[in-house]
Undergrad: 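The structure is given below, and queries will be raised subsequently.
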Amino acid sequence: MNDFIPRSDGEFALWLGNFLDTAAQNPASLGLTAAEIADCASATDSFESALAAHASAQAAARAATRNKDDHRAVVNDIVRGLARRIRSNPNVSNVELSKLGL
């Protein structure tokens with residue numbers, strides 16, 4: 001038997017909503033109890049909350065990555081300018097250049 005549950009979270013959430021709504025319309029004809037529907041509804045609510053928190057965390061991580069990359073670009077430009085000046089300074093020894101990683 002093929003797995004009927006979608007793999008992606010988004011598709012699963014849609015499928016789950018439809019499943020729960022349909023099952024809740026007439027649980028007795030499906031051989032289900034009200035308690036089983038309530039348990040499924042509670043678990044669905046928990047999943048949807050976790051999914052929303054996950055999406056929010058992913059968005060925050062993307063924003064943090066952009067912020068980090070922006071700050072890295074600024075300091076990168078500053079350090080490259082300083083390194084050019086240091087390298088062109090005839091008074092800086094090879095030992096000092098080596099210690100600086102230049």
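What you see is a predicted model; the values in this text were computed from it and never measured.
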Undergrad: Holding to side chain to side chain contact (heavy atoms under 4.5 Å, CB included), I want the full list of residues that pass it with Asp70, two or more places apart in sequence or in another chain.
TA: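 Side chain to side chain contact (heavy atoms under 4.5 Å, CB included) check on Asp70 returns nothing, list empty.
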Undergrad: Suppose clustering is done on Ile, Leu, Val, Met, Phe, Trp and Tyr with side-chain heavy atoms closer than 4.5 Å. Which residues sit in the same group as Leu100?
TA: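 Members other than Leu100 - counting any ILVMFWY side chain reachable under 4.5 Å - are Ile86, Val92, Leu97, Leu102.
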Undergrad: Under the side-chain hydrogen bond (donor to acceptor under 3.5 Å, both in side chains) definition, can you give me all pairs with a residue in residues 38-55, not counting sequence neighbours?
TA: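 Sorted result for residues 38-55: His54-Gln58.
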Undergrad: Please collect all ring pair (Phe, Tyr, Trp, His ring centres under 6.0 Å) contacts where either partner lies in residues 23-49, sequence neighbours excluded, each pair once.
TA: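 Found Phe12-Phe47.
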Undergrad: Mark yes or no for whether Thr22, through its side chain, and Phe19, through its backbone, hold a donor-acceptor pair below 3.5 Å.
TA: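 Between the backbone of Phe19 and the side chain of Thr22 there is no qualifying donor-acceptor contact (under 3.5 Å).
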Undergrad: Tell me which pairs pass side-chain hydrogen bond (donor to acceptor under 3.5 Å, both in side chains) where either residue lies in residues 59-68, with sequence neighbours left out.
TA: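 The answer is Asn67-His71.
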Undergrad: In the hydrophobic clustering that connects Ile, Leu, Val, Met, Phe, Trp and Tyr at side-chain heavy-atom distances below 4.5 Å, which members other than Val95 occupy its cluster, ordered by chain and number?
TA: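 Once heavy-atom contacts under 4.5 Å are chained together, Val95 still belongs with nothing else.
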Undergrad: Going by side-chain heavy atoms closer than 4.5 Å, which hydrophobic residues are tied to Val74, directly or by a chain of links?
TA: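 Members besides Val74, by chain and number: Ile78, Leu82.
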Undergrad: Distance from Asp9 atom CG to Leu14 atom CG, nearest 0.5 Å?
TA: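 Between Asp9 CG and Leu14 CG, I get 11.0 Å after rounding to 0.5 Å.
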Undergrad: Which residues satisfy the side chain to side chain contact (heavy atoms under 4.5 Å, CB included) test with Thr33, sequence neighbours excluded?
TA: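 Thr33: side chain to side chain contact (heavy atoms under 4.5 Å, CB included) contacts with Ala35, Glu36.
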Undergrad: Got a sec, which hydrophobics cluster with Ile37, joining ILVMFWY side chains under 4.5 Å apart, including via others?
TA: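 In the cluster with Ile37 are Leu20, Leu30, Leu32.
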Undergrad: Scan for ring pair (Phe, Tyr, Trp, His ring centres under 6.0 Å) pairs involving residues 73-95, sequence neighbours excluded, and state none if there are none.
TA: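 Listed by first then second residue: nothing to list.
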